[in-house]
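Each remark here refers to the structure printed beneath this line.
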There are 2 protein chains.
Amino acid sequence: MAPRSAGKNAESSDKVGVICRALRRAIIEQALEPGAKLPEDSLGERFGVSRTIARHALGQLAAEGLVELRRNRIAVVATPSWQEARDAFDIRIELERLVVRQLAGKLTKPQIATLNAHVDAEDAARDGTDAVSIRLATEFHILLAHMTNSPILVRYVSEVAYRCCLTLSLYSRPHSSECAINEHRAIIAALVKGDEAKVMALMHSHLDSVASRALVAPAPQRGRDLLDILAPYADEGGSERVVKLPKVVRVR
Amino acid sequence: MAPRSAGKNAESSDKVGVICRALRRAIIEQALEPGAKLPEDSLGERFGVSRTIARHALGQLAAEGLVELRRNRIAVVATPSWQEARDAFDIRIELERLVVRQLAGKLTKPQIATLNAHVDAEDAARDGTDAVSIRLATEFHILLAHMTNSPILVRYVSEVAYRCCLTLSLYSRPHSSECAINEHRAIIAALVKGDEAKVMALMHSHLDSVASRALVAPAPQRGRDLLDILAPYADEGGSERVVKLPKVVRVR
DNA sequence: GGCCGCCAAACTGCATGCAATTCAGGCGCT
DNA sequence: AGCGCCTGAATTGCATGCAGTTTGGCGGCC
């Protein structure tokens, strides 16, 4: 219970951080869809900074996997493959099991209140847009991570949760949030009760159900995926082996 | 076994990537100790690039937790607290259990050969410097992660493994590698045999033993830790509440 | 001697400029 | 009409320059 460093991470007080946070939020609220272009100029202009800063922000987001950066090409919002989405959920399950394992029976009263308040907010937002519900649902998990007081865990859970959001907006159109909210409440209850095994199982099944609701089919063909299919053949090895094909595929 | 995208990540073909890799390696080989200063100028000069690029590289490494970036201050190699070290190992254990779970019984012959060759290399390096053994031991784990063909898993395992290296160089001076090598061999054997539960247990105990060998004591006082102890009291909240104290503490 | 404040050097924060590359659309050819 | 080339506009890669901040050491003062 001893307060560890809740330290601000590297990006939190400068303009780069502002841009990162704004873009992250735009991405998880699906205002920016996967594949959306992010030119440095436009970003810089929009946020009132120079390209240098916008570029740096894109670098950070790329390191988090939210943005794809290819040399000499416009940055785009990442478009994870179905398999990557699945992988992200697998990792997320393990990380969040770790979170609730550390938290079981150790929550303070104010923490419990905070969690309940958050779920209430999720409830209240049920008749709002999907974007907001998704964001709130994700933030619930990040909130839990924060309560471990482990900056590393916070970072990884946040990142992977954002990535999962991204895949949700790619592979699952309808978002039914009521059940998720109930599951959140169940998790809080089990955490308070301190039943470690139970809460780990709950979290597991919660995430697993979100994942399987979202990632139902391997969906080999969906939307603009032709390039994804081609990608593995094109980017193998270090030496820019380029697949030569007639320019048939056109994105957007 | 279908080959997924083994895609190069964002940083791998430009000068930024070169600097990042060089610094990462220098850090895990302890050529750069925790706390070492990394001025943008010097880096740029050393690598023949401008400050802009060096700065960008530092940003990436900061995102990975290897470097600490404080506004208007020289970047330094990260100095994780003991608790952060412990957290990193906890996360690492979960992630690597996931790795070997995915890999159990699914290794191809060439993969097995690669792994064996690597452990042989570890063996051969036993009478070299500690730095090299540590690096090789870490690379064994990253090699395993690569074989899952999951770029996300590779990224997280690599990051957290590097962080653990960093803590090793902080909190544990002597490095006994023989047992680690044997444990690596045992893991390979169990992977080949396909015994999922066994290999997960092996990996768990392997990492746990490394961790407990390294992080024996809570070590509240060790080296330069005064600042770490003070940190939680100083950096709480967003608004730069600075602890005012006579300049007694001096680092280096 | 020890402590405080000041000042120059060092360093970062950021914008801008130039070269190189990619992109898009039009033109000519078949 | 369809296909390919070619050119200008858009965009990135990177270095440099300037302004603001920190650092560390020197001199003065107690």
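Basis for what follows: all heavy atoms, side chains included, without hydrogens, waters or symmetry-related copies. Order of the sequence lines fixes the chain letters, A, B, ..., with proteins taken first and strands second; residue numbering starts at 1 for each chain. Bear in mind the structure is a predicted one, so any value in this text is a computation, not a measurement.
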Checklist entry - Nearest-Å distance, NZ (B/K37) to C1' (C/dT12)? => result 14 Å
Checklist entry - Rounded to whole angstroms, how far apart are CZ on B/R70 and P on D/dT21? => result 17 Å
Item to check | Interatomic distance where CG belongs to A/L38 and C1' belongs to D/dT11 [whole Å] | outcome: 13 Å
Checklist outcome for this item: Atom NE2 of B/H56 and atom P of C/dT12 are separated, to the nearest Å, by 16 Å
Next on the checklist: Do A/T167 and A/F89 have side chains that approach each other closer than 4.5 Å (heavy atoms only, starting at C-beta)?
Outcome noted: yes
Item to check | Residue whose closest nucleotide on DNA chain C lies nearer the 5' end, A/N72 versus B/L58 | outcome: B/L58
Anything under 3.5 Å between a protein N or O and an N or O of nucleotides 15-17 of chain D, put it in a table, one pair a line.
| unit_1 | atom_1 | unit_2 | atom_2 | d |
| --- | --- | --- | --- | --- |
| D/dA15 | OP1 | B/S50 | N | 3.3 |
| D/dA15 | OP2 | B/S50 | N | 2.9 |
| D/dA15 | OP2 | B/S50 | OG | 2.6 |
| D/dA15 | N7 | B/T52 | OG1 | 3.2 |
| D/dT16 | O4 | B/T52 | OG1 | 3.0 |
| D/dG17 | O6 | B/R51 | NH2 | 3.2 |

Next on the checklist: With a 4.0 Å limit, can you tell me whether A/R73 has a side-chain N or O closer than that to the phosphate oxygens OP1/OP2 of C/dC23?
Outcome noted: yes
Checklist outcome for this item: When rounded to whole Å, the CD to P distance for the pair A/E40 and D/dT11 reads 11 Å
Item to check | Sub-4.5 Å side-chain heavy-atom contact between B/I134 and B/C165 | outcome: yes
Checklist entry - Partners of A/A54 by side-chain contact (heavy atoms from CB on, under 4.5 Å), sequence neighbours excluded? => result A/L43
Item to check | All side-chain hydrogen bond (donor to acceptor under 3.5 Å, both in side chains) counterparts of B/E139, not counting sequence neighbours | outcome: B/R135
Item to check | Whole-Å gap separating P (C/dA9) and CD1 (B/I74) | outcome: 17 Å
Next on the checklist: Check this for me: does any side-chain nitrogen of one of B/R24 and B/E64 sit under 4.0 Å from a carboxylate oxygen of the other?
Outcome noted: yes
Checklist entry - Tell me, do A/T108 and A/Q111 make a side-chain contact under 4.5 Å, heavy atoms counted? => result yes
Checklist entry - What nucleotide among C/dC23, C/dG13, C/dC11 has an atom nearest to a side-chain atom of B/D41? => result C/dC11
Next on the checklist: Using whole Å, what does the distance between atom C1' of nucleotide D/dC14 and atom CZ of A/R55 come to?
Outcome noted: 8 Å
